[in-house]
Amino acid sequence: MCGIFGIITNQDNISIGKVVLEGIRRLEYRGYDSCGIVSLSNSKLYIKKDSGKIEEIQKKIDLADIPSNSKLALAHTRWATHGKPTRINSHPHTDCSNKIAVVHNGIIDNFIELREELTQEGHIFKSETDTEIIPHLIENKLKEGLNLKDSVVEALKLCKGAYGLAVCHVDNPDLIIVVRKESPLVIGIEEGKTTYLASDIPAFLPLTRKCYIMEDDELAVLKAGEAEFYDIKNDKKIDKELQIIEWNINAAEKGGYEHFMLKEIFEEPSALKNTMKISEQLLSKFANALLSADNIYITAAGTSYHAALAGKFIISRFLGKHIQDIECSELETQLKGSLQNNSVIIAISQSGETIDTIEAIRWAKKTKNVIILTITNVVGSSITRYSDHVIVTNAGPEIGVAATKTYSTQVLALALIAVSIAKIRNIISDEEIIKYYEALNGIPSIIEKFLEKNVDLIKYIVNNLEKNLNYFFLARGISIATAKEGGLKLKEVACRFIEGYSAASAKHGPISLVREGFPIIFIAPPDETYNRLVGNVMEFKARGGRIISVVVESDEKITKLSDITIRIPQPADEYHNLFSPITFMPALQLLAYYAALANDLDPDKPLNLSKTVTVH
Ligand code: AGP
């Protein structure tokens, strides 16, 4: 996820530099590892870009370098996906003649093939990004004699993937072309004077409340104070309704959600779709490294450790080898004296900056000949320096301190490695592999359906539980990871001591806490542990426990024993069960979120916590 902002005006009293810097700063929540601006004046592009947070870059950008007579500018804040966060990889990107500049949010899936073709034709590339192919493709189309708008359309016909993009050209100083496909774009208007474009409304909200929301496959030709819209598929003009935005700037930054945590829970379906795009080649690198290892460890902290527990379970199904999970802070102590050469460590960290995780893998690398396989959400983060192979989950920036969408995408990345192993080992039939992929591809829509229909139920459960300071999440098998992560979310944001525990182990001690009305939330997908879990539910019910269960839609047995059920709209088969840590988790994340609100706590800023833990 990146942020783009642009302006085209006919007003003399506007400082273009100030407006774009201010606009892009309001989009910093969409990405903040590099930033760039292009302005246009006297048939020349003026580009300023660098890596780092916008605040740091703002100090370096001399507004005097942005020509005062410039009436057009584009800006970009980057969340790196293809290529490290460096100055060269920052947007805008240009063509060979330095006449076309492009800022882009999204991913061009077939950029490697296109880049090869363009290189053979003689185009010179400066960056490692997917975006840079776009100005070069437009350059080709302009050479064929098309105008700028048609060149953009024809160039994009060659690109597969997602884009919200803006293009300017030195020979067309009075227009900007913007196109949207699966990456948001909104257009703000001060009629007759100034037009703004942005990835999100807050960027221009202090300047105008009038805006057009672009839909997929729409192109807009922006001129000062006016905008024309076209359907990119048939080039027909579209009449769009001008909208008046009533939100305040604070609500707007969160896309209309009250908190980032809620926004990020609702972003899980799209984040998971991005993670599904991890290349088969990279997955098989991970799979082959695991297949040839003598010993395998999986390590992480907090939520990432819970993703490791779920992932270890899924991978072990197909790997035919044991994977030992170790919390990263304990790895050195536990493996001192026993770590062997030819070991593989899977390290998971959404931030890529957790010092305990980094030190664990640094120690392992120094001690023996080990391979580090890393899963992170941040391209170029510190952990990647010590890793042999890196999967980036591409969940987009996560601002809420409590990890939500980064958790589900980590588990998905591990699940994709697992299925890749099954394919390489040829241990299940092709039909079964297809069924696993169908189940994986179906996850985003299961979560979408769940979120659409269950917010009121979750709020009701929070009210129902409100008087209880303590309760349990209990589960068996793979769902123990879900129970533990649910417990952690409630501790973090709702400041409640809620424990995630093994349902089988609970009778060896914790059951003594149960009194009449004591709540227990059972995580109960219909997997091989289900019948035993039914027995556990009965044990707790017999002692007066109030049973709330998270089950699949067709569930009967545990539903009958429960006071309240949360139903996940997914089929009851082994393929979906294996990925239930992903599909069942949003229910518990929402529960934690609304429990925080019920306790008058800010879920985005939990007490004593920070998003990135860089201390021991
Ligand atoms: C998650 O909600 C927590 N904020 C925390 O447990 C976190 O998962 C842990 O600090 C690890 O962070 P990482 O994934 O960035 O390494």
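In each ligand, atom 1 is the first atom listed, and ligand 1 is the first ligand listed.
Atoms of ligand 1 found under 4.0 Å from any heavy atom of Ser304, numbered from 1 in the order shown, are 8 (O), 13 (P), 14 (O). Near Ala301, the atoms of ligand 1 lying under 4.0 angstrom from a non-hydrogen atom of the residue are 8 (O), 9 (C), 11 (C). Near Ala402, the atoms of ligand 1 lying under 4.0 angstrom from a non-hydrogen atom of the residue are 2 (O). Using a 4.0 Å cut-off to heavy atoms of Gly302, the atoms of ligand 1 that qualify are 6 (O), 8 (O). Interface of Ser349 with ligand 1, defined as ligand atoms under 4.0 Å from a residue heavy atom, comprises 13 (P), 14 (O), 15 (O), 16 (O).
Using 4.0 Å as the threshold, Lys489 has a heavy atom nearer than that to some atom of ligand 1.
Side-chain contact check for Thr376 versus Val390: some heavy-atom pair is nearer than 4.5 Å.
Note: an N/O pair closer than 3.5 Å links Val401 and ligand 1 by distance alone. Backbone and side-chain nitrogen or oxygen atoms of Gln410 are examined, and none is located within less than 3.5 angstrom of a nitrogen or oxygen of ligand 1. Distances between N or O atoms of Ala403 and those of ligand 1 include at least one value under 3.5 Å.
Contact check on Asp388 versus Lys365 returns a salt bridge, with a Lys/Arg side-chain nitrogen under 4.0 Å from an Asp/Glu carboxylate oxygen. Salt-bridge annotation for Glu452 and Lys449: absent, with no side-chain N of the basic residue lying under 4.0 Å from a carboxylate O of the acidic one. In this structure, Glu553 does not pair ionically with Arg567, as no charged nitrogen and carboxylate oxygen lie closer than 4.0 Å. With respect to the salt-bridge test (charged N to carboxylate O, under 4.0 angstrom), the residues Glu280 and Lys423 qualify. Between Glu499 and Lys484 there is no salt bridge, since no side-chain nitrogen of the basic residue lies less than 4.0 Å from a carboxylate oxygen of the acidic one. Comment: Asp50 does not engage Arg87 in a salt bridge, judged by the lack of any side-chain N to carboxylate O separation of less than 4.0 angstrom.
The closest non-hydrogen atom to atom 7 (C) of ligand 1, taken over Thr357, Ile355, Thr303, comes from Thr303.
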